[in-house]
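Structure first, then comments.
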Amino acid sequence: MSGHYQAVIAAPFGVLGIRTQGQCLVAIDFLPHETPLAWPREPFAARVVGEIEAYFGDPRHLFTLPMAPAGTAHQRRVWQALVGIPAGQVMTYGELARRVGSSARAVGQACGANPIPLVIPCHRVVARAGPGGFMNQSAGPALAIKDWLLRHERGAA
């Protein structure tokens with residue numbers, strides 16, 4: 001396990017690396033399937049794991065984790081708006097851009113830079129015609145994860 005993760009857990013679509021700083025979640029990384037799993041190193045990391053597992057069990061689970069995502073003021077504004085999109089619903093990049101006073105492209109870039117996916121649900125933002133991107137990718141394994149998350153939240157995963 002890479003030393004900078006406080007936990008590495010299995011997810012229905014792969015492996016997640018969890019990074020915390022004090023009592024704040026700072027990042028969730030999608031890791032290669034072969035990455036060794038690791039128990040949480042401290043109580044807050046165990047809480048993060050518990051909340052993520054609760055989400056996998058019930059997509060309506062509301063995360064209550066303190067977070068400290070590193071980003072620009074614009075990115076943080078977009079990420080705050082993302083948290084307001086309920087599970088099972090989606091919003092287009094353009095709709096979210098209007099909500100935060102930005103452009104669809106800038107919103108897409110902020111979504112791609114989101115260091116805490118799942119908890120900050122960037123997967124709930126889609127293109128006007130199609131799924132849009134995920135993790136700065138427009139095809140491949142990243143889109144399969146986005147599709148799984150959206151199906152999970154619709155109760156179809």
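All residue numbers in this chain count up from 1 along the given sequence. Everything numeric in this text was worked out from a predicted model, so none of it was measured.
- Tyr5 contributes atom OH, which lies 13.0 Å from atom CG of Leu37 (distance to the nearest 0.5 angstrom).
- For residues 9-32, the set of pairs meeting the salt bridge (charged side-chain N to carboxylate O under 4.0 Å, His left out) definition, not counting sequence neighbours, comprises Arg19-Asp29.
- Nearest heavy-atom pair, Val100 versus Ala81, reported as atom, atom and distance to 0.1 Å: CG1-CB, 3.7 Å.
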Report all side-chain donor-acceptor pairs from residues 109-122 shorter than 3.5 Å, counting only partners two or more places apart or in another chain.
unit_1	atom_1	unit_2	atom_2	d
Asn114	OD1	Ile116	N	2.8
Asn114	ND2	Ile120	O	2.7

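- Residues meeting the side chain to side chain contact (heavy atoms under 4.5 Å, CB included) test with Glu53, sequence neighbours left out: Val49.
- In this structure the side chain of Thr20 reaches within 4.5 angstrom of the side chain of Val48, judged on heavy atoms.
- Rounding to the nearest 0.5 Å places CE of Met91 at 6.0 Å from CG of Leu96.
- Phe134 is linked by a ring-ring contact (aromatic ring centres under 6.0 Å, His included) to Phe30, counting only residues two or more places apart in sequence or in another chain.
- Residues passing the side-chain hydrogen bond (donor to acceptor under 3.5 Å, both in side chains) test with Gln21, sequence neighbours excluded: none.
- What you find for Pro59 and Ala87 is that their closest heavy atoms are O-CB, 3.2 Å.
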Let's go through His123 and Leu150 carefully: what are the C-alpha distance in whole Å and the side-chain angles of both, what is the deciding distance for side chain to side chain contact (heavy atoms under 4.5 Å, CB included) to 0.1 Å, and is it a yes or a no? CA-CA 7 Å; His123 60 276; Leu150 292 173; 4.0 Å; yes
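- Across all non-hydrogen atoms, the minimal contact from Lys146 to Gly132 is NZ-C, 4.0 Å.
- For Ala11, the side chain to side chain contact (heavy atoms under 4.5 Å, CB included) test picks out Phe13, Leu16, Phe56, with sequence neighbours left out.
- For Arg124, the salt bridge (charged side-chain N to carboxylate O under 4.0 Å, His left out) criterion is met by Glu153, not counting sequence neighbours.
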Between Ile18 and Ile9, does a side chain to side chain contact (heavy atoms under 4.5 Å, CB included) hold up when you go through it step by step? CA-CA 8 Å; Ile18 295 162; Ile9 64 169; 4.0 Å; yes
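- In terms of modelled atom types and a separation under 3.5 Å, the side chain of Gln75 and the main chain of Thr72 share a donor-acceptor contact.
- Not counting sequence neighbours, the partners of Ala106 by the side chain to side chain contact (heavy atoms under 4.5 Å, CB included) test are His74, Ser102, Ser103.
- Contact annotation: the side chain of Leu149 approaches that of Tyr55 to within less than 4.5 Å [non-hydrogen atoms, C-beta and beyond].
- In this structure, Glu42 places its CD atom where more than 12 heavy-atom neighbours from other residues, nucleotides or ligands lie under 6.0 Å away.
- Closest non-hydrogen pair, Pro69 versus Trp79, comes out as CB-CZ3, 3.7 Å.
- Aromatic ring pairs are classed by plane angle as parallel below 30°, tilted from 30° to 60° and perpendicular above 60°; the pair Phe63 and His61 is perpendicular.
- Counting heavy atoms from C-beta on, the side chains of Leu143 and Pro131 come closer than 4.5 Å.
- Note that CD1 of Ile145 is 8.5 Å distant from CD of Gln137, once rounded to the nearest 0.5 Å.
- With a 4.5 Å cut-off on side-chain heavy atoms, Val8 and Thr35 count as touching.
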Please test Val90 against Val125 for side chain to side chain contact (heavy atoms under 4.5 Å, CB included), starting from the C-alpha separation and ending with a verdict. CA-CA 6 Å; Val90 295; Val125 182; over 6 Å; no
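- Residue pairs satisfying the ring-ring contact (aromatic ring centres under 6.0 Å, His included) criterion with at least one member in residues 95-122, sequence neighbours excluded, are absent.
- Among residues two or more places apart in sequence or in another chain, the side chain to side chain contact (heavy atoms under 4.5 Å, CB included) test is passed with Pro66 by Cys24, Phe44, Arg47.
- Looking at residues two or more places apart in sequence or on another chain, you find no salt bridge (charged side-chain N to carboxylate O under 4.0 Å, His left out) involving Asp58.
- Judged as a salt bridge (charged side-chain N to carboxylate O under 4.0 Å, His left out), not a single pair has a partner in residues 99-114 (not counting sequence neighbours).
- Tyr93 places none of its side-chain heavy atoms less than 4.5 Å from the side chain of Arg128.
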